[in-house]
2 protein chains.
Amino acid sequence: MTTADLPKRKDAARNRQRILDAAKELFAERGLGVTLHDIAARAGVGVGTIYRHFPEKKPLIDAVFEEHLAELTALFEQALADSDPWQSIFWVHEQFLVHQARNRGLKELLLGTTPEAPDRARQLRAQLHPLAERLIERGKAAGVVRRDCATQDFGLLQTMVGAVIDAAEDVDPDLWRRYFVIALQGLRPKDAPLEPLPVPALPPERMEDLLVGTWKRRRT
Amino acid sequence: MTTADLPKRKDAARNRQRILDAAKELFAERGLGVTLHDIAARAGVGVGTIYRHFPEKKPLIDAVFEEHLAELTALFEQALADSDPWQSIFWVHEQFLVHQARNRGLKELLLGTTPEAPDRARQLRAQLHPLAERLIERGKAAGVVRRDCATQDFGLLQTMVGAVIDAAEDVDPDLWRRYFVIALQGLRPKDAPLEPLPVPALPPERMEDLLVGTWKRRRT
DNA sequence: ACAGAAGCGGACAGGAAGCGTCCGTTTCGG
DNA sequence: CCGAAACGGACGCTTCCTGTCCGCTTCTGT
């Protein structure tokens, strides 16, 4: 990302920024699958304009997720700075899930559920993994996570809770927190204290909404 | 499903059966989203033939999943007949997941991830829910599941582990068992014994395959 | 304030994928 | 052996996305 490719005319610069903003919004709302046409519409520019500035989606994705990468890395560093081995694990995973719940595009990148920018995604995960490793090793050493679990298990935990986010987001946007605690509890050693469940279960009569809601989404 | 609609000519009857068999296979392999064209190809008949026998997919789905409904209900009844409150819960959920892992269409129906036959799916779940309720209530009464959990939590557990099935099926088809045990462990009371993890975690270097593999699937 | 370059917009053409029909041909049964 | 029933699959339709092209607008420098 050099500074050389800045457009000189001021309408061009303005449009470029509008496009980036629109892309950021739409990636968060609807995932990386949105079309360049969608982004153009949201930005209030013509498709011609968008194709001139960004002939493909990848640079847009790169630009938008640059900052997220830094942010997520910072979360781990903050967690490692926290001296409580259990609390730090809990907190960082919770934070990751908050981000995923708020940003569909980021979730797709982290969980690998998009064909869109595989290298970007790989880079993201490659960078995060060693940090996670250190955190989990510390937890195991301190005896706050079960011995026979692995760093990878925490990745799959994100996948599992991610599924709940997807399923429940427009029925009860905070429901995932309950299952996050449940799944994480499953990774603790035998006599670990029971973490209280942060939100109530969905009432049985609303379960149907949740299950049906899963597939009918999309659109702006 | 009356017996009145049986075709009289023997080639017609044969084709009808071929179509049903092909549909069953494809629903299991690729989910309910397969097209009637796909089914025709697999059955070795022309599309005209399939549209003559089954103008829409729904009766096909009904026919194919009729037997599954009975089978799943039987699983719960078997579980309720088992007098061990914990073992029966573990077993029935494991069995459900085995079915889901083997049959993508069934998974879609159970987890509500298909727009295909919503009423069929609803019926299936409506019939299963009270049975699950009894099982879980028994478990709570016996103190083998945590007090503050609900029957619905076990439904979402299926969703969570279903996500692992999806993610891992062509990297390590049994990996879901590990996360099933982890998630279920999270629903046990404080001093419950640690269920051993049945399969090892995926080696770190193969995690990337798992994550990338999630989106590139489909086709026969 | 004006000319020409730079940028803009969006209609449009092209391609992929699914759906359902139609009709010439084949197969069955009496 | 003949007429009716069933078959097959090419074809046309629709939807959704992609990217281009060109007449029009807006900026910048003189």
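Letters A, B, ... mirror the listed sequences (proteins, then strands); counts begin at 1.
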Below 4.0 angstrom, N of the basic side chain to O of the carboxylate: do K58(B) and E116(B) qualify?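 So K58(B) does not pair with E116(B) through a salt bridge.
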
Side-chain ion pair, E67(B) and K24(B), N-O less than 4.0 Å: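 Yes, E67(B) and K24(B) are salt-bridged.
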
Check: D38(A) side chain, T35(A) main-chain N or O, donor-acceptor pair, under 3.5 Å: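 It does hold such a pair.
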
Hey, is the main chain of A117(A) close enough, under 3.5 Å, to the side chain of K57(A) for a donor-acceptor pair?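 Checking the backbone N and O of A117(A) against the side chain of K57(A), no donor-acceptor pair under 3.5 Å is found.
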
Quick one: is dA6(D) close enough that its OP1 or OP2 comes under 4.0 Å of any side-chain N or O from N15(B)?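 Answer is no, no contact under 4.0 Å.
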
With a 4.0 Å cutoff (strictly under), does any side-chain N or O of T49(A) reach OP1 or OP2 of dG9(C)?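 For dG9(C), OP1/OP2 do have a side-chain N/O of T49(A) under 4.0 Å.
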
Ring centroids only, cut at 6.0 angstrom: are [X] and [Y] within range, meaning strictly under it?
| X | Y | answer |
| --- | --- | --- |
| H93(A) | F154(A) | yes |
| F65(A) | H68(A) | yes |
| F76(A) | F96(A) | yes |

Calculate the interatomic distance between [X] atom [atom1] and [N] atom [atom2]; express it in whole Å.
| X | N | atom1 | atom2 | value |
| --- | --- | --- | --- | --- |
| F54(B) | dC19(C) | CZ | P | 17 Å |
| D38(A) | dC17(D) | CG | P | 7 Å |
| L60(B) | dC19(C) | CG | P | 13 Å |
| I19(B) | dC7(D) | CD1 | C1' | 11 Å |
| R14(B) | dA5(D) | CZ | C1' | 14 Å |
| I39(B) | dG18(C) | CD1 | P | 13 Å |
| H53(A) | dC8(C) | NE2 | C1' | 9 Å |

Quick one: which protein N/O atoms are closer than 3.5 Å to N/O atoms of nucleotides 18-24 of chain D? Pair and distance per line, please.
{"unit_1": "dG19(D)", "atom_1": "O6", "unit_2": "H37(A)", "atom_2": "NE2", "d": "3.0"}

Using distance alone, with no hydrogens and no angle criterion, decide if R120(B) and Q123(B) have a side-chain donor and acceptor under 3.5 Å apart.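 Per modelled atom types, R120(B) and Q123(B) side chains form a pair under 3.5 Å.
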
Looking only at side chains, do Q185(B) and Q185(A) share a donor and an acceptor under 3.5 Å apart?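 No, no side-chain donor-acceptor contact under 3.5 Å.
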
N/O to N/O distances under 3.5 Å, protein versus nucleotides 28-30 of chain D:
{"unit_1": "dT28(D)", "atom_1": "OP1", "unit_2": "K10(A)", "atom_2": "N", "d": "3.2"}

